[in-house]
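A quick write-up on the structure given underneath.
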Amino acid sequence: MRRSMKDGDSVDEERDSRRRRIVDSPSSPAEEPLVPYNDDEDDERRVLDHSGGAEEVGRRVETEEEDDDDDDDDDPYGRGLILDKSNRQVEVRRDCPYLDTVNRQVLDFDFERFCSVSLSNLNVYACLVCGKYYQGRGKKSHAYTHSLEAGHHVYINLRTEKVYCLPDGYEINDPSLDDIRYVLNPRFSREQVELLDKNKQWSRALDGSDYLPGMVGLNNIQKTDFVNVTIQSLMRVTPLRNFFLIPENYQHCRSQLVHRFGELTRKIWHARNFKGQVSPHEFLQAVMKASKKRFRIGVQSEPVEFMSWLLNTLHADLRTSKKSSSIIHKCFQGELEVVKETQNKAISERKEGGGEHNGALKIMDGATESNNIGTETYRMPFLMLGLDLPEPPLFKDVMEKNIIPQVPLFNILKKFDGETVTTTVRPPARMRYRVTRLPQYLIVHMRRFTKNNFFREKNPTLVNFPVKNLELKDYIPLPAPTKENEKLRSKYDLIANIVHDGKPDEGFYRVFVQRKSEELWYEMQDLHVSETLPQMVALSEAYMQIYEQQ
């Protein structure tokens, strides 16, 4: 009997302690009537209980933030609600009260898309009030924190171009934001691309300044004028430009460099920019990575080296197989026939040893031997032709002045007439070159700089060249057309002329380019763009030129 009473007491005590525990628990809704019950927190607790570790929760939060990038879902129920990847409902609204806080003056999408706090490039949003980049839009993300701290509420996802209001979390669907989407990612239809060279209309930037699409200045980040002049001159090559204006043409390509070059091309030719200049920052980062820092910000390089590297790398990245061609080769590739004469070591040794050799001519697979000189003939493709300038005079004239020598372009083009001999030192050989196929766009480069053991010298010789109607067949022998009724196209017009000013190591580059719609010439040096006369183009120290076949 006593035992049963004791048992009853212990049961009552247990019941009382359980009741006390429930009342004391902080999560009890009865105790905190003002705090709303949060499903998310409950889920997180549940995950923590089952897994027994905080790692899982961290992982879950991360995936949730990644899922914020939700994105291509339509409204399945037609109620202005969209389900994202984690099946959470995202409200879509048109009437956001914060749209008047969007400040277009501070928006600049030319820089790398990294979060300004975490430096991550995943799931980055731009604040449309201050222009800074932040990661994510979940409750633990940097964009969410920024929206609470600074009171900036409108954000655009840089990848999907969707606009959200934070901290409320709803999507804003308002056509007034379309101009921002066009600046973030300019688009061209094939019809617009065809009409680009006929457009004579100026565009107006937000600050009221006027600019010409395609003739915008490029920001010199630090000694990157060699990149700027190369890009500006390549933008005049119509097939190349048209190819890169439509991203579908190179969708298959995984190369970052190709996509960044295409992005830059679209920004330069876009008629609805917020400002009349473009910063090639992302393209330069891709160049530094792809060239393994051979070309980098802050170190001056030569445009000819950069042009050669860029064209070859773009070609290698764009082609689908080893033997396939690309837009680069279709525009710039020509062919040379090279005749190489070398001193034959084996024969001269045999002569010294008393071996007989009576000048007989031997022919072996494209190579011939005659009087201990071996001749080899082969064909090689080229993307640009290098022209040698005559040496400048060493001594001053009677008036105590150095005369700046001048040479016609046709004189230095004789290197490719198939008869003029060019001597190479390493290995010692005599070379003769003849053009066997002309490209649609001819790039010529004047070798102005020579390097010796002590310093770099610049040849100041001026080259006289025609701006229009360069007729090559008058000066170098050209191949007959392959088809019977075809006419040989050997007339070229200048479309871009890169110039070097100043001393060899301290100078800077600028470029003269032609605007096709009005046939006017413009001088471009980084951010400065000004109209100029065609006569001024011919008076400069030409360094590299691009000619277009008529």
Side-chain angles (χ1 to χ4, degrees), residues 225-237 240 291 294-295 300-315 328-329 331-336 338 380-392 405-417 420 422 424 431 433-435 437-451 456-467 470 472 475-476 492-502 504-505 507-514 524 537-538 540-549:
D225 49 342
F226 71 96
V227 174
N228 293 353
V229 292
T230 306
I231 291 167
Q232 294 285 21
S233 48
L234 286 176
M235 289 299 118
R236 312 306 134 202
V237 179
L240 185 75
S291 69
R294 177 180 164 193
F295 304 103
Q300 183 69 275
S301 298
E302 285 196 39
V304 65
E305 288 177 12
F306 180 66
M307 175 81 88
S308 173
W309 173 84
L310 181 66
L311 293 180
N312 281 307
T313 311
L314 287 176
H315 165 70
I328 306 291
H329 278 190
C331 290
F332 301 110
Q333 194 181 47
E335 193 180 58
L336 283 178
V338 184
M380 63 183 281
F382 69 86
L383 291 176
M384 61 172 83
L385 295 177
L387 304 177
D388 303 316
L389 295 176
E391 289 294 318
Q406 297 191 28
V407 60
L409 179 66
F410 309 114
N411 282 15
I412 53 176
L413 271 174
K414 280 183 183 164
K415 174 181 177 179
F416 298 99
D417 63 4
T420 306
T422 310
T424 59
M431 316 284 270
Y433 304 100
R434 187 170 68 86
V435 178
R437 190 177 81 240
L438 285 170
Q440 188 184 352
Y441 288 86
L442 178 68
I443 306 177
V444 292
H445 153 237
M446 288 63 169
R447 296 199 169 116
R448 284 206 176 271
F449 299 109
T450 47
K451 220 175 189 176
R456 209 155 149 254
E457 279 182 303
K458 179 181 171 185
N459 189 329
T461 305
L462 289 180
V463 178
N464 300 327
F465 54 87
V467 173
L470 167 69
L472 284 180
Y475 303 95
I476 55 176
Y492 283 83
D493 292 335
L494 186 69
I495 53 169
N497 181 32
I498 296 176
V499 172
H500 182 269
D501 297 317
D505 294 318
F508 52 88
Y509 294 96
R510 56 197 169 97
V511 63
F512 293 96
V513 296
Q514 189 195 34
M524 303 172 108
V537 180
S540 50
E541 293 183 11
Y543 172 81
M544 188 158 59
Q545 299 177 324
I546 302 182
Y547 286 91
E548 180 180 38
Q549 204 172 39

Side-chain donor or acceptor of [X] paired with backbone N/O of [Y] under 3.5 Å:
X	Y	result
Ser308	Glu305	no
Asn459	Pro390	yes
Ser540	Val499	no
Asn312	His315	no
Asp493	Glu548	no

Quick one: [atom1] on [X] to [atom2] on [Y], what's the gap to the nearest 0.5 Å?
X	Y	atom1	atom2	result
Ile476	Phe410	CD1	CZ	10.5 Å
Gln545	Leu387	CD	CG	8.5 Å
Asn411	Leu413	CG	CG	9.0 Å
Met524	Asp225	CE	CG	14.0 Å
Thr420	Met431	OG1	CE	14.0 Å
Ile231	Leu234	CD1	CG	8.0 Å

Would you check if [X] and [Y] make a side-chain contact, meaning some heavy-atom pair closer than 4.5 Å?
X	Y	value
Leu494	Phe512	no
Val444	Met544	no
Val237	Tyr441	yes
Met446	Leu409	yes
Leu442	Ile546	no
Phe416	Arg434	no
Gln406	Thr461	no
Val463	Leu389	yes

Decide yes or no on side chain to side chain contact (heavy atoms under 4.5 Å, CB included) for Val407 and Asn464, but give the supporting numbers first.
CA-CA 6 Å; Val407 60; Asn464 300 327; over 6 Å; no
Out of Leu383, Leu385, Leu311, which one pairs with Ile443 under the side chain to side chain contact (heavy atoms under 4.5 Å, CB included) rule?
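Running side chain to side chain contact (heavy atoms under 4.5 Å, CB included) over Leu383, Leu385, Leu311 with Ile443 returns exactly one hit, Leu311.
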So, applying side chain to side chain contact (heavy atoms under 4.5 Å, CB included) with Ser233, which one of Ile498, Asn497, Ile495 is it?
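Result for side chain to side chain contact (heavy atoms under 4.5 Å, CB included) with Ser233: Ile498.
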Exactly one of Arg448, Arg456, Lys458 should register a salt bridge (Lys or Arg N to Asp or Glu O under 4.0 Å) with Glu302. Which one does?
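Single salt bridge (Lys or Arg N to Asp or Glu O under 4.0 Å) partner of Glu302 among Arg448, Arg456, Lys458: Arg456.
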Begin with the C-alpha distance, continue with both residues' side-chain angles, and end with the deciding distance and a verdict on side chain to side chain contact (heavy atoms under 4.5 Å, CB included) for Met384 and Met307.
CA-CA 9 Å; Met384 61 172 83; Met307 175 81 88; 3.5 Å; yes
Before we go on, tell me: are the rings of Tyr543 and His500 under 6.0 Å apart, centre to centre?
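Not under 6.0 Å, so no.
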Any chance the rings of Phe306 and Phe295 have centres within less than 6.0 Å?
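Between Phe295 and Phe306, which both carry aromatic rings, the centre distance is below 6.0 Å.
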Can you see which heavy atom on [X] is nearest to which on [Y], and at what distance?
X	Y	result
Pro439	Phe382	CD-CZ, 4.0 Å
Phe226	Ser301	CB-O, 3.3 Å
Tyr509	Pro303	CZ-CD, 3.3 Å

Using the six-membered ring wherever Trp is involved, compare the ring planes of Tyr547 and Tyr492 and label them parallel, tilted or perpendicular (cut-offs 30° and 60°).
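Rings of Tyr547 and Tyr492: perpendicular, over 60°.
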Could you walk me through whether Trp309 and Arg294 pass the side chain to side chain contact (heavy atoms under 4.5 Å, CB included) test, one step at a time?
CA-CA 10 Å; Trp309 173 84; Arg294 177 180 164 193; 3.8 Å; yes
Salt-bridge contact Lys415-Asp388 (side-chain N to carboxylate O under 4.0 Å):
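Between Asp388 and Lys415 there is a salt bridge, with a charged N closer than 4.0 Å to a carboxylate O.
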